[in-house]
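Just below is one structure, and these are the notes that go with it.
Side-chain atoms are counted along with the backbone in the values below, which use heavy atoms only and exclude waters and symmetry mates. Just so it is clear: chains get the letters A, B, ... in the order the sequence lines come, proteins before strands, and each one is counted from 1.
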Amino acid sequence: MPELPEVETTRRGIAPHIKGQRVSEVIIRQPKLRWPVPLELVDDLPGKVVQSVERRAKYLLIGFEQGTLIIHLGMSGSLRIVQADQEEGKHDHVDLVLQNGIALRLTDPRRFGAVLWQPKGVEHELLSHLGPEPLSEAFDDQVLVTAAKGRKTAIKQLIMDNKVVVGVGNIYANEALFLSGIHPKRAAGRISEQRLCRLAENIRIVLSRAIQQGGTTLKDFVGGDGKPGYFKQELNVYGRTGECCVNCGSILKEIRLGQRSTVFCPDCQR
DNA sequence: CTAAGGACCTGTCGGC
DNA sequence: TGCCGACAGGTCCTTA
């Protein structure tokens, strides 16, 4: 589930519940995630106070005076606020129990997610080579132009490369390319500056609109009733293979690009 | 340096 | 109904 908009929605949802709270207990039921969950957290985290809840790319950063708890939701992860005594489900791997009686609970069936600890002072290796945030000023029009120069890579793979720009997942890569009228397979180096700028703009638009959508279901999400419904938004191409293009009516096609499903309009996207 | 593919996991769905 | 393969919103790591 988690693309950048959902991670941001999660961040906004959990922040008010955990910020300023002291950790009373850490429960690790399943340490085998993408990387082993550091078991020292069980002994070391209790007593510490959550100072900040931030996001970098799709990583959630829970800041303490002594360091940062890094959480990634992988492909199937979600974080929810629950009552600390709520019975755990099959894939509820980690609980951060807080002194106010609630717990931040990580659920992740596929276990591609991660929970890591980074002591204060040094940036974590995973975060140190990331490109600019797509919704920050650092993602200006030059970013794609520079990154695309001389590259033969398919443009879709370029915008999904975290070293170029972070947070553009499969769904929104497809959508942004559709809005820009660019064929996903087009060599990045063979796209005009003007079109690359349009693509950058559409990445911003698509992501911020999705965050707004996530925001509408924020309440339900935090209440523990379910997941954010942002993806109910109108997707133009993703998941619509074989259906009609909303622009021209042609049949949307699906191909594989770097093992990922890629949907586009063969007539609108060149 | 770039590019391509495998790896990590479980759950679900479509076809036979 | 049951089994099997393909596929799913991510991304690091190895290999060429």
Can a side chain N or O of [X] be found less than 4.0 Å away from OP1 or OP2 on [N]?
X      : N      : result
A/K163 : C/dT11 : no
A/Y238 : C/dG9  : yes
A/R256 : C/dA6  : no
A/Y59  : C/dC12 : yes
A/K58  : C/dT11 : yes
A/H72  : C/dT11 : yes
A/R110 : C/dG9  : no
A/T153 : B/dA3  : yes
A/R111 : C/dG10 : no

ask   = salt bridge (charged side-chain N to carboxylate O under 4.0 Å, His left out) between A/D141 and A/R204: does it pass, once the steps are laid out?
value = CA-CA 11 Å; A/D141 286 340; A/R204 291 183 209 109; 3.3 Å; yes
inquiry  = Check this for me: does the side-chain of A/R151 come within 3.5 Å of the base of B/dT2 through a donor and an acceptor?
reply    =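 Answer is no: no donor-acceptor pair is held.
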query = Do we count A/F112 as stacking onto B/dC8 if the rule is ring centres under 5.5 Å and planes under 30°?
reply =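 One would call A/F112 stacked on the B/dC8 base.
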inquiry  = Would you say that more than 12 heavy atoms from the other residues, nucleotides or ligands in this model lie under 6.0 Å from the NZ of A/K120, or not?
reply    =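 Above 12, so yes.
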Separation between the P atoms of C/dG9 and B/dA3, rounded to whole Å =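 Straight-line distance between the two P atoms is 22 Å.
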SB check A/E201 A/R198 (cutoff 4.0 Å) =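 Between A/R198 and A/E201 there is no salt bridge, as every charged N stays at least 4.0 Å from the carboxylate O atoms.
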Connected via hydrophobic side-chain network under 4.5 Å: A/L4 and A/L199 =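 Shared cluster, yes.
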